[in-house]
A.B. asks: 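If you scroll down you'll find the structure; I have some questions about it.
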Amino acid sequence: LLSRNELGDETAEAIGAALIRAGPRHGGVGAALVRMDLAENRLTVEGLALLTEALAEHGYLQSLDLGGNEQLGVGLTAKSGYGERVGNGLRSSAALQDLHLWRCGLSDEAASIILEAEPPRLQLINLAANLF
């Protein structure tokens with residue numbers, strides 16, 4: 001659990017790189033990590049893009065909590081380029097079952113990008129307390 005630590009996008013980049021190295025394409029044993037809690041930090045849309053792209057490579061993470069990162073939704077639009085990166089990462093997240101994006105400053109458009117990605121095994125998505 002890494003919640004409430006003031007972690008920013010630089011940390012998301014490092015975590016993403018570690019997830020990729022732990023994935024099956026790189027001979028890692030990432031299956032041991034199935035839940036990650038980065039709630040209430042300082043992640044932005046850049047951190048979201050980095051993490052969702054890493055999920056596609058990792059292949060084992062089942063639960064990701066990014067709730068309370070209130071700037072995360074700022075800039076998540078189809079025109080920004082982040083929308084495509086996040087959507088592609090989520091679509092390719094083979095194991096993801098739970099995604100928590102509560103109180104992340106998501107607009108209608110940002111929520112649509114996330115919902116339309118339709119991760120293949122997603123069972124729960126928490127979008128409570130956003131702007132829409």
Side-chain angles (χ1 to χ4, degrees):
L1 300 175
L2 296 170
S3 60
R4 297 182 178 181
N5 279 297
E6 300 291 318
L7 304 177
D9 294 335
E10 302 82 22
T11 303
E13 184 174 18
I15 290 170
L19 285 173
I20 290 169
R21 285 191 307 273
R25 293 183 189 173
H26 299 278
V29 291
L33 180 65
V34 295
R35 180 174 184 265
M36 184 176 299
D37 185 345
L38 292 166
E40 296 183 319
N41 280 290
R42 294 182 306 112
L43 300 176
T44 70
V45 68
E46 175 68 23
L48 175 63
L50 291 164
L51 289 168
T52 54
E53 289 168 339
L55 286 180
E57 294 282 329
H58 182 259
Y60 300 113
L61 199 70
Q62 297 173 10
S63 179
L64 179 61
D65 188 345
L66 298 173
N69 285 287
E70 296 182 22
Q71 296 300 309
L72 199 122
V74 176
L76 182 56
T77 65
K79 294 179 182 177
S80 70
Y82 288 112
E84 184 175 350
R85 289 175 63 192
V86 169
N88 288 340
L90 288 173
R91 259 187 296 289
S92 301
S93 300
L96 189 64
Q97 296 176 14
D98 299 338
L99 179 61
H100 300 271
L101 295 169
W102 49 270
R103 205 177 75 228
C104 285
L106 299 177
S107 64
D108 287 336
E109 183 178 2
S112 292
I113 289 168
I114 290 163
L115 293 170
E116 289 169 6
E118 297 180 5
R121 296 180 192 244
L122 193 68
Q123 297 175 9
L124 176 127
I125 185 163
N126 180 352
L127 298 175
N130 278 290
L131 302 174
F132 51 86

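All values below were derived from every heavy atom in this structure, side-chain atoms included, with hydrogens, water molecules and symmetry-related copies excluded.
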A.B. asks: Within the 4.5 Å heavy-atom criterion, are L90 and L99 side-chain neighbours or not?
C.D. replies: yes
A.B. asks: In a table with atom names and distances, give each donor-acceptor pair under 3.5 Å that connects a side chain of residues 120-128 to protein atoms at least two apart or in another chain.
C.D. replies:
unit_1	atom_1	unit_2	atom_2	d
R121	NE	A94	O	3.0
N126	OD1	A128	N	3.0

A.B. asks: Does any non-hydrogen side-chain atom of T11 lie less than 4.5 Å from one of L2?
C.D. replies: no
A.B. asks: Could I get the full list of side chain to side chain contact (heavy atoms under 4.5 Å, CB included) partners for S80, not counting sequence neighbours?
C.D. replies: T77, Y82
A.B. asks: Output all residues satisfying salt bridge (Lys or Arg N to Asp or Glu O under 4.0 Å) with E118, sequence neighbours left out; order by chain, then residue number.
C.D. replies: none
A.B. asks: Less than 4.5 Å apart, side chain to side chain, heavy atoms only: is that true for L33 and Y60?
C.D. replies: no
A.B. asks: With sequence neighbours excluded, what pairs up with R42 under the side chain to side chain contact (heavy atoms under 4.5 Å, CB included) test?
C.D. replies: E6
A.B. asks: Checking E109 side chain against A78 main chain: does a donor-acceptor pair fall under 3.5 Å?
C.D. replies: yes
A.B. asks: Would you please name every residue forming a side chain to side chain contact (heavy atoms under 4.5 Å, CB included) with T44, sequence neighbours left out?
C.D. replies: D9, E46, Q71
A.B. asks: Applying side chain to side chain contact (heavy atoms under 4.5 Å, CB included), name anything that partners D37, two or more places apart in sequence or on another chain.
C.D. replies: L1, S3, R35, A39, D65
A.B. asks: Are L51 and L43 close enough that some pair of their side-chain heavy atoms sits under 4.5 Å apart?
C.D. replies: yes
A.B. asks: Is a donor on one side and an acceptor on the other found under 3.5 Å between the side chain of N69 and the backbone of N41?
C.D. replies: yes
